[in-house]
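Heads up: the structure comes next, in structure tokens.
Side chains are part of it too, since the values below use all heavy atoms of this structure and drop only hydrogens, waters and symmetry mates.
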Amino acid sequence: MHIDADNKRFQDFIAETEKKLDMEITVEKCPSNADNRQAKISTILASGDQNIDLISVNDEMISEFKHKGYLEPLEKNVMTEEVRDSFPQEYLESICEENGHIYSVPFQMDIMMFWVNQELLKQAGLDEIKDTGDFDILQKSLKNSDQYAYGDAWENTHVYNSLAQFVNFWGGDYFDWTDSKTQDAARYMKSMLDEKITSPAQFVDQYEQMEEKFIRGKYGCVFMYTGALGTFLDADVYGKNKIHMAPLPMFHEKKSTNIATWQYVLNNASENKDAAFRLKCIFNFQLARVNSSLIEITSAHIYCH
């Protein structure tokens with residue numbers, strides 16, 4: 001079960017893996033909606049469903065599931081010492097490991113980047129967004145009432161990404177809401193609503209809705225993970241004069257960004273563990289590079305950079 005099951009580049013990658021291993025691989029799509037995805041995967045694992053073998057999960061899911069006995073330890077067959085040494089050690093220890101066992105293999109690192117619509121910036125007489133003042137310039141140049149300088153996804157399962165991003169810009173601490181800098185960051189986000197630099201409709205938007213509005217020219221800029229690149233390419237809106245990644249702005253004290261990963265886990269109830277272990281070639285250096293190039297994401301394997 002994989003988040004990219006319907007992605008043509010990922011399908012090409014699976015086809016190549018099938019040839020290499022002389023194995024038939026059936027891939028089921030994970031739900032796109034974050035709540036539905038979490039609920040479905042939790043149900044599969046908790047019920048002891050034997051039909052699903054490998055599953056792609058994010059940081060939040062592995063942090064929950066590794067405590068519950070749902071997952072097969074991987075240190076003997078996949079995450080050997082040699083393979084383990086290829087990944088950032090502190091990350092493995094804090095996210096992937098529990099009680100001396102390794103329960104997941106990171107395969108994709110998503111970096112929160114700053115994306116701009118260069119056509120709208122040009123309309124405003126801007127080459128780039130450097131600071132919060134440029135938001136005001138951009139907003140004043142927009143011609144339609146449903147266009148905003150900045151777009152986001154503030155639905156309750158997504159808003160933490162934005163809060164963390166702005167708190168880091170302000171030099172605060174996301175885990176300390178008594179910190180004055182953390183509070184200032186939240187106040188600035190509210191002021192963007194008050195001054196109509198961003199839309200109140202985004203309180204119900206997840207990334208899928210935000211990306212769709214960005215593609216349609218409703219937003220001048222957004223923060224979004226690098227995994228969105230494929231979406232923009234498929235929509236034929238990616239390019240230096242269209243939508244593209246841009247340098248992080250200096251909103252307050254510093255430039256910083258979020259990093260997240262997607263990971264493979266093996267269902268402990270799987271009846272196909274031996275076959276699943278053969279797929280460990282997915283995690284090695286060469287195929288990690290192929291995976292990264294085929295679906296245009298950043299591999300979590302540190303030797304791929």
Side-chain angles (χ1 to χ4, degrees), residues 1-14 27-38 41 54-63 87-88 91 95-96 104-117 151-155 157-162 164-165 168 202 205-216 219 221-239 242-248 256-265 282-283 287-302 304-305:
M1 179 176 284
H2 204 283
I3 53 167
D4 291 314
D6 58 356
N7 183 299
K8 178 60 167 60
R9 289 171 292 275
F10 180 74
Q11 291 169 356
D12 291 343
F13 166 66
I14 290 297
V27 184
E28 180 180 334
K29 171 70 175 175
C30 292
S32 298
N33 178 276
D35 290 336
N36 295 342
R37 181 171 58 242
Q38 178 95 11
I41 294 175
L54 289 170
I55 305 173
S56 62
V57 300
N58 59 16
D59 290 340
E60 291 79 18
M61 285 190 277
I62 183 59
S63 295
F87 292 87
Y91 181 83
I95 300 296
C96 308
S104 66
V105 184
F107 68 90
Q108 173 183 333
M109 180 173 66
D110 257 357
I111 303 171
M112 182 73 83
M113 298 299 295
F114 189 55
W115 300 78
V116 299
N117 183 323
D152 213 326
W154 288 356
E155 187 268 341
T157 62
H158 285 59
V159 67
Y160 69 91
N161 289 292
S162 304
Q165 192 74 23
N168 288 336
Q202 67 199 27
D205 286 350
Q206 298 186 351
Y207 285 143
E208 183 179 0
Q209 292 77 36
M210 183 191 76
E211 290 171 3
E212 188 268 337
K213 291 177 181 179
F214 192 40
I215 288 169
R216 291 194 292 118
Y219 298 145
C221 59
V222 299
F223 284 105
M224 184 58 200
Y225 285 104
T226 47
L229 176 58
T231 300
F232 299 143
L233 284 167
D234 290 342
D236 195 28
V237 296
Y238 182 78
K242 299 179 181 180
I243 286 174
H244 64 87
M245 285 181 272
L248 290 172
S256 63
T257 197
N258 299 330
I259 294 177
T261 70
W262 283 88
Q263 312 177 35
Y264 291 112
V265 297
I282 290 176
F283 314 130
L287 280 181
R289 291 182 68 95
V290 172
N291 190 7
S292 184
S293 64
L294 281 175
I295 59 177
E296 288 151 338
I297 54 173
T298 305
S299 170
H301 194 298
I302 62 174
C304 290
H305 306 293

Open item on the list: For E211, give me all partners under side chain to side chain donor-acceptor pair (under 3.5 Å), at least two apart in sequence or on another chain.
Closed with: none
Open item on the list: A side-chain contact here means heavy atoms from C-beta on lying under 4.5 Å apart; do L229 and W115 qualify?
Closed with: yes
Task: Worked verdict on F107 versus H2 for ring-ring contact (aromatic ring centres under 6.0 Å, His included) - done: CA-CA 12 Å; F107 68 90; H2 204 283; 5.1 Å; yes
- [ ] Check whether the side chains of Y91 and D59 place a donor and an acceptor atom closer than 3.5 Å, and report yes or no.
- [x] yes
TODO: Please name all residues satisfying side-chain contact (heavy atoms from CB on, under 4.5 Å) with E28, sequence neighbours left out, ordered by chain then number.
DONE: M1, K40, I52
Task: Separation between CG of D152 and OH of Y207, rounded to the nearest 0.5 Å - done: 7.0 Å
Task: Residue pair V159 / W154: nearest heavy atoms and the distance that separates them - done: CB-O, 3.6 Å
Open item on the list: How about CD on E60, more than 12 heavy atoms from neighbouring residues, nucleotides or ligands closer than 6.0 Å, or not?
Closed with: yes
Open item on the list: If you compare all heavy atoms of Y219 against all heavy atoms of K213, which two are closest, and at what distance to 0.1 Å?
Closed with: OH-CD, 3.4 Å
TODO: Could you tell me whether a side-chain N or O of T157 sits under 3.5 Å from a main-chain N or O of D35, the two making a donor and an acceptor?
DONE: no
- [ ] Determine, using ring centers only, whether H244 and F232 are less than 6.0 Å apart.
- [x] no
Open item on the list: Going by side-chain contact (heavy atoms from CB on, under 4.5 Å), name the residues that satisfy it together with S63, two or more places apart in sequence or in a different chain.
Closed with: I95
- [ ] Can you measure from CZ (R37) to CE (M61) and round to the nearest 0.5 angstrom?
- [x] 5.5 Å
